[in-house]
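The structure appears right after this line, and notes come after that.
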Amino acid sequence: MDETTAIAEWRFEADRPTTCIPVFTGRALPDEGLHLLPFFHGTPQGARTLTVKAAGRSVETTLTPRIGEAHLPWTGVKILCDDPRLVARLHDGTPDGQPSADSNLYAFEPSSPISISPDEPLVLRFQVEVRMAAVDQRPPPFRDAIEERPLEELREIRRSWVLGALGESDDPHVTRARLALVRNGLRGLNGEFGDDVASLCTSSADDFSCSFFWDTLFSSTAIARFNPEYARGAIATAFARHLERDGSTPERRWNFCVPERMFQQAPQSPVASWALCSYLERQDDPDFLHRMYPFLVRNHGFWEEHSDLDRDGLSEYRWTGQAADNSPLWDPYMMARDAVTGCSWLPPVASVPLNAFLFWDARHLEHLAKKVGNAEDAARFQARQGAIQSALDRVCYLPEERRYWDYNHLTQTHQRARTFYMFWPLVAGMDVPEATKRDLIENVLLDPEQFFGAVPFPSVPYDDPRHEPSGYWRGKAWPHISYWLLQMLWREGYQKEADIAADRMISVFTGTPGFLENTVASLKIQGEGGFADYNWGCASAALIMERAYREPMPLTGGGPLHHG
């Protein structure tokens, strides 16, 4: 029906007159998974109060905040049956009648047997409604009636909506990936996402049924190819709980959440300007550009003004969860690993990938500033690109090694950790010496012993002692990273190699149940990938299967290397 309501229909047929006693049972679950609450400063650790009511043909279950004890949002579900012969009751026992102290069981059952015949089948329709509201609000009331239109008509309405939301594609795998992206969409209605549609990482009941900053922004680039409204929402909702004071945005967000702030207020890698430019390449949407431009400027300012503690002109991640949680990049700094996340707070380390991202961000912001008519900003972001390039060359580049390495000013050491982030100055189109560029691409990225195997572009090269094929950021391949590397290879003239890598990735994508968050970096190991139908897994698969990496990248520098 709509984003808050679903209808299910049950049909019972008989080839001769008979009677039946249909019974539908369920259980209302109390609060679970409260381990997320420690992420929010000052939030009481109590659960909400579960209430289950049965009256007439409906069951209502609510999780109500206990003010002063639990700051979680109000949640309610109502199940309504359309047949007056079925009555809703609470059960004091288990569904099979065994005694139980569990009082959260409910059932829909008739008071007497129901007759059915070949000419009169029994058709039962149930409506399920979900309502949510912030802790200090009340949700809209539940409906008291079921939609009267035939189920076939309602099904056709939804089918038409889904097909319209998916756009047109001749590739069934692309359509499947788009369908999963649409299923991960969540309209805000009266929540923190407003009326925008957010792209959640997964449509599930686990921790990742939320919007992560760079996950949703990356996903928006694939969504923009078939659903502009959804793409706008994915970009806009990435900035829920954005602070104008310093430009920070929490790494993840929920449509309904506790009022307290997360400890991890610092955003993930800055890709928002790239995402907006990708959207604007397909849509002439000046209103949305003007709406989002201040957020993007402040987001860049967070890194420039508040994340360069050692004042070397290069920004620093604050904790490992902002990029590559447990990567070998962070091994020297993992003594105080967080028990819940497995991540760690970081000292001021000049980060090669972060500053390459920021160079890229400044280039896109220069372009966007020109589009909004702000010449001063355009000049500032052009100068910013030069400043980042100069600082990265001065601090992180070792010409004798032809490498950019992260640098820790406290220990005065470069962190020589080989990961797929070592190619990020190339991905961002920075001014990399040609000999270094050629060496990094031909002798490292395209080396089958390092990054160019059957599952291309592992997070840590195959020949590194720290490589673990199933290791989270210690070996697994990450599809969004792979897409950006394909773009770089194609742009730099390695088009045959890009297509070979893409074909290998497509084989992996289409050989797994759902499009995964990440993939094991070995064809010999099965069943250890990340979440299925993860938003950037779906987005990456769709983009790569559409060969979108071949499309021009007008805002990224660099040019083809003429290689044999």
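Worth saying up front: this structure is predicted, and the values here are computed from it rather than measured.
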With a 4.0 Å cut-off on N to O distance, would you call [X] and [Y] a salt bridge?
X	Y	value
Lys53	Glu60	no
Glu9	Arg11	no
Arg178	Glu168	no
Arg131	Glu129	yes
Asp503	Arg547	yes
Asp196	Arg232	no

Geometric class of the [Y]/[X] ring pair [parallel <30°, tilted 30-60°, perpendicular >60°]:
X	Y	result
Phe288	Tyr279	perpendicular
Tyr483	Phe218	perpendicular
Trp74	Phe142	tilted

Worksheet entry | Arg241 and its salt bridge (Lys or Arg N to Asp or Glu O under 4.0 Å) partner, picked from Glu192, Glu260, Glu251 |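 Of Glu192, Glu260, Glu251, salt bridge (Lys or Arg N to Asp or Glu O under 4.0 Å) with Arg241 is met by Glu192 alone.
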Discussion item. Working note: Thr249 + His242, criterion side chain to side chain donor-acceptor pair (under 3.5 Å); need CA distance, chi angles, decisive distance, verdict.
Written reply: CA-CA 4 Å; Thr249 305; His242 172 81; 2.9 Å; yes
Worksheet item: Between Glu148 and Arg125, does a salt bridge (Lys or Arg N to Asp or Glu O under 4.0 Å) hold up when you go through it step by step?
Response: CA-CA 10 Å; Glu148 293 295 334; Arg125 182 178 293 193; over 6 Å; no
Check whether any side-chain heavy atom of [X] sits under 4.5 Å from a side-chain heavy atom of [Y], and report yes or no.
X	Y	answer
Pro22	Pro110	yes
Pro479	Trp536	yes
Asp533	Arg176	yes
Asp207	Arg252	yes
Trp161	Leu166	no

Discussion item. Counting only heavy atoms from other residues, nucleotides and ligands, does the tally under 6.0 Å from CG of Asp284 exceed 12?
Written reply: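 No.
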Verify whether the ring centers belonging to [X] and [Y] lie closer than 6.0 Å.
X	Y	answer
Trp478	Tyr472	yes
Trp330	Trp319	no
Tyr230	Phe226	no
Tyr534	Phe515	no
His173	Phe509	no

Quick one: does [X]'s side chain have a donor or acceptor within less than 3.5 Å of a partner on [Y]'s backbone?
X	Y	result
Tyr106	Ser58	no
Arg57	Leu80	no
Asn104	Arg27	no

Practice prompt. Considering non-hydrogen atoms only, spot the tightest contact between Val455 and Ala477 and give its length.
Written response: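 Here Val455 and Ala477 meet closest at CG1-CB, 4.0 Å.
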Worksheet item: What's the shortest heavy-atom distance between Thr43 and Phe40, and which atoms?
Response: OG1-CB, 3.2 Å
If we ignore angles and hydrogens, is there a donor and acceptor under 3.5 Å between the side chains of [X] and [Y]?
X	Y	result
Arg85	Ser111	no
Thr320	Asp325	no
Asp119	Ser117	no

Worksheet item: Quick one: CH2 on Trp345 to CE on Met334, what's the gap to the nearest 0.5 Å?
Response: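 CE of Met334 is found 12.5 Å from CH2 of Trp345.
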Worksheet item: Would Arg474 and His467 count as a side chain to side chain donor-acceptor pair (under 3.5 Å) if you check the C-alpha gap in whole Å, the side-chain angles of each, and the deciding distance to 0.1 Å?
Response: CA-CA 6 Å; Arg474 304 182 74 85; His467 174 82; over 6 Å; no
Item to complete: From the options Ser459, Pro458, Ser327, Pro456, select the one residue that forms a side chain to side chain contact (heavy atoms under 4.5 Å, CB included) with Phe420.
Response: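 By the side chain to side chain contact (heavy atoms under 4.5 Å, CB included) criterion, Phe420 pairs with just one of Ser459, Pro458, Ser327, Pro456: Ser459.
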